[in-house]
Structures are given as C-alpha cells and as structure tokens.
Amino acid sequence: MNVYEYAKERYAALGIDTEAALTALRVVPVSLHCWQGDDVRGFDGDPSKPLTGGIQTTGSYPGRARTPEELMDDLDVVLSLIPGTPKMNLHASYAIFNRENGGWVDRDKLEPKHFQPWVDFCRARGLGCDFNPTFFSHERCDPLTLSSPNESTRRFWIDHGRACIRISQYLAEQLGKPCIMNIWTGDGCKDIPGDRLGPRQCYRDSIDAILAEPFDFSKVRPCVESKVFGIGVESYTAGSSEFSLLYAAMHRDKCIPLMDNGHYHPTEMVSDKISALLAFFPEIALHVTRPVRWDSDHVVLFDDETREIAREIVRCGGLNGRVDIALDYFDASINRLAAWVTGYRNFQKALLFALLQPNGELKAMQDAGNFTKLLVTQERLKTMPLGDVWDEYCRRCGKPLDDEWFPVVEQYEADVLSKRS
Ligand code: RNT
Ligand code: ZN
C-alpha cells in the first residue's frame, strides 16, 4: 500500500474523507501578491524612492525584480512551484507604461490600458486578478491621503481610487473572475493627535466619493482594510478597526471588510474575529501575513495561528465564496521567490489541515460540554499523516513536493537572480 492510501485509511477511521479535501482545496482561490518580488517598489516612480505609508521592507538580498519583465519571469517560476488556484494581486503602482499606451501618467490618471500587459499575463495563465489603489510612496501623500485636511490632496487620491475602480472592473471583465479591490491607506499620526474625528470624517467621505464611481458589485468587490498603527503613525490611524468595520457594515451593498492579521495588537487573533464578522457580513476578505511583535510582514509559516485562521475559514463555510483570501508579506532579507513559495505553500497546507478535521464531531463535543474530549481530539489531529496527503495533493496538481521545489529556486538564483545588480 502506498503512503497516501495508508493516510487515507487513517483519516477515514476518524470519519474524514481525504479525497473530498483534495478536491475542495484545488479550487480555492488564493491571491498571490506581486509586491513580494520587488520589495513593494512598483514601476510608476523612482525605484530608489522610499517606501512610505508606515510599512517597511528590511533586508537587501540580491535579485530584486527591477522591471515588469523580471517580475513576470519570477512569478512564472513561483507559479510553477505552487499547487492550487492562485490569483494575481496587483497594486496600482505596478502600472506598466510603454510607447503603445502613451507613457507615464500620474496615479489619478491611470487607465485599464496601463494594466494590459498584466491582463495578458493573467489570461495566458488562467489567473484572476485582484487590485489595490496605492495610497503610499508618492509625492502627493502630504503625508496624508484620503483623510488629509488639504482638499486638493484628497481630490487627487479620490481620483486615484475612482481610476482603480475602473481598472478593477476591467480586470474582472477581461479575466472573467471577480476583482477584490482593497482600499488601505497609511494615514495617521506619529504622536497624540489634536483631532481624530475631523480626519476620520474626511476619510469616510473620501471612500464614499471613490465608491460613487459606477461599478458592478458582482465583479468588483471593494474592501476597506483596517490597521492599528504603522511606522511613524504609532499613535493613531484614521482607518482603525472600528472605522473600517463600521464603514463596511453601513455600506454592505458596495463594500466588504478586510482584516490583515498583522494589523492588531499582538494578543488579538484574527482567527477569532472571522466568525464574528461572518455573523454579520455575507462576505469578508483577509490578508494573511506573519507579524513578529509588530506588522513586520514576515513570510507565512505553517504555524498555530495560520492553521487556526484556515480552520475558521473552512468551518465557517468560507470556501464557498464568503472569505476572499490574499497573502500579504514582503521579506527583502531572503530569496524573494523562496519567500513567495514558502508562504503560499504553507497557507495551502494550512487549508488542507483544516479540511482534514472532523468539524461536525468537534462541534458536537463542544455542544455536549465534552471539553476534555475536544482538547484530546484536537491534539491528536496534529500528528495525523497530513504530509502524505499533502504530497498526494502536490502530485495531483502537477507541482513539486516539499523536497523538490527549493533546488529549482536555487538554480534560478544562480542562473538569473545573481546576475541582477
Ligand atoms: C499595510 C497593508 C497593506 C499593504 C499592501 C502593500 O500594512 O497590510 O495591505 O501591505 O497593500
Ligand atoms: Zn495588508
């Protein structure tokens, strides 16, 4: 008997159908963020300009993608090494300007044509595409954007947001898959503000103005992402958790909330928040990352919280379109392709772990008050032969096993990345 058949029997003895899990996992869209490949620099400005908005990449590992072509080449290697159904996730700052489309324009003037090479890239690979307006790393951040007291600043960024809605609609129509369009700004204050309500009212009105741009909500799913603090905005953020959740709650016909698990106090767990939101919202979106003491955006691991997030997604019915999953991390201190692949595969593995749980029985134990058995069973599940089912999943997806993918990255580093200055 091969190891998968043996694992299948072991799980079957607990009432768990590994075949159903393998089938379900293959079609779950998980967004792959383009910004891991170039340390969130983008192509619409001077690449040496600093990353602003309170986020930071640290490290200077060689091989960063410097052009759209390099980023796409890198993505192709990554796509060859990850199982499942990836979706691209772009930022507006990854617009591609060339002679055919008239060259550079500022962010308030972006058009679908500036993303045509990305549409072609995605279409040729059968990928959907998500999108993000880029409210950072730009001279029109004063340093605020949508919450600025300066009306012309707000106008610029509202126009950027509206342009991004039109681009998102184009991506959805061209690729035949909904586009999740996430609104996040780094607006906030380093020190104790003298006014919080004013900027938050501006922020609210600015999002209203962006979402006044006509779009089809079945194709474009605008989200608002909250954040507790950033570098240089330690004391207050305009788009706090309450602000973003309430905005989404009061605009349910055109907006959904997005939680990034790096954006809370270190003892707050997004795994615990998923069901709280799903009790009220038909759909929510997630950024999966790994905060180390702060929103450091380390590579996603196969760790307790990642597994718990996956378990909550699965048992709350999130795989049926109620939870939009995206990865969001950026590590510049290690091989960037290895970072991408490690995080993506780990989240796939966490989803597989979650699909191989006897959820009905665990719930019954809880409802019956049998917390001893619940504890013992959940601990028991941790050492079931998940790895053998995972290997089978990779095989069926035609993708390398855990031992096989890193040599491909090492070879690519030797052949390609090491030659980039
Ligand atoms: C920042 C947010 C945001 C960004 C990306 C680049 O803290 O998490 O989602 O990481 O938009
Ligand atoms: Zn995020």
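When a ligand or atom number is given, it counts from 1 through the structure's own listing order.
- A salt bridge links D402 with K349; the closest basic N to acidic carboxylate O contact falls under 4.0 Å.
- Aromatic ring pairs are classed by plane angle as parallel below 30°, tilted from 30° to 60° and perpendicular above 60°; the pair Y247 and H251 is parallel.
- With a 6.0 Å cutoff to the six-membered ring centre and a 45° limit on the axis angle, R41 does not count as a cation-pi contact of F43.
- A search for side-chain contact (heavy atoms from CB on, under 4.5 Å) contacts involving Y61 returns N335, R336, E413, not counting sequence neighbours.
- For a heavy-atom separation below 4.0 Å, the residues in contact with ligand 1 are W35, I55, H91, W184, E225, K227, D260, H263, H287, D295, D328, F330.
- Residue pairs meeting the salt bridge (Lys or Arg N to Asp or Glu O under 4.0 Å) criterion with at least one partner in residues 20-38, sequence neighbours excluded, are absent.
- The pair D108-R155 does not count as a salt bridge, with every side-chain nitrogen at least 4.0 angstrom from each carboxylate oxygen.
- Shown here are the protein N/O/S atoms lying under 2.8 Å from the Zn ion (ligand 2), water excluded: E225 OE2, D260 OD2, H287 ND1, D328 OD2.
- Using a cutoff of 4.0 Å between basic side-chain nitrogens and carboxylate oxygens, D74 and R420 are scored as salt-bridged.
- A salt bridge is defined here as a Lys NZ or Arg NE, NH1 or NH2 lying under 4.0 Å from an Asp or Glu carboxylate O, and D304 with R307 meets this definition.
- Taking NZ of K87 as the start and CD1 of I325 as the end, the distance is 11.0 Å to the nearest 0.5 Å.
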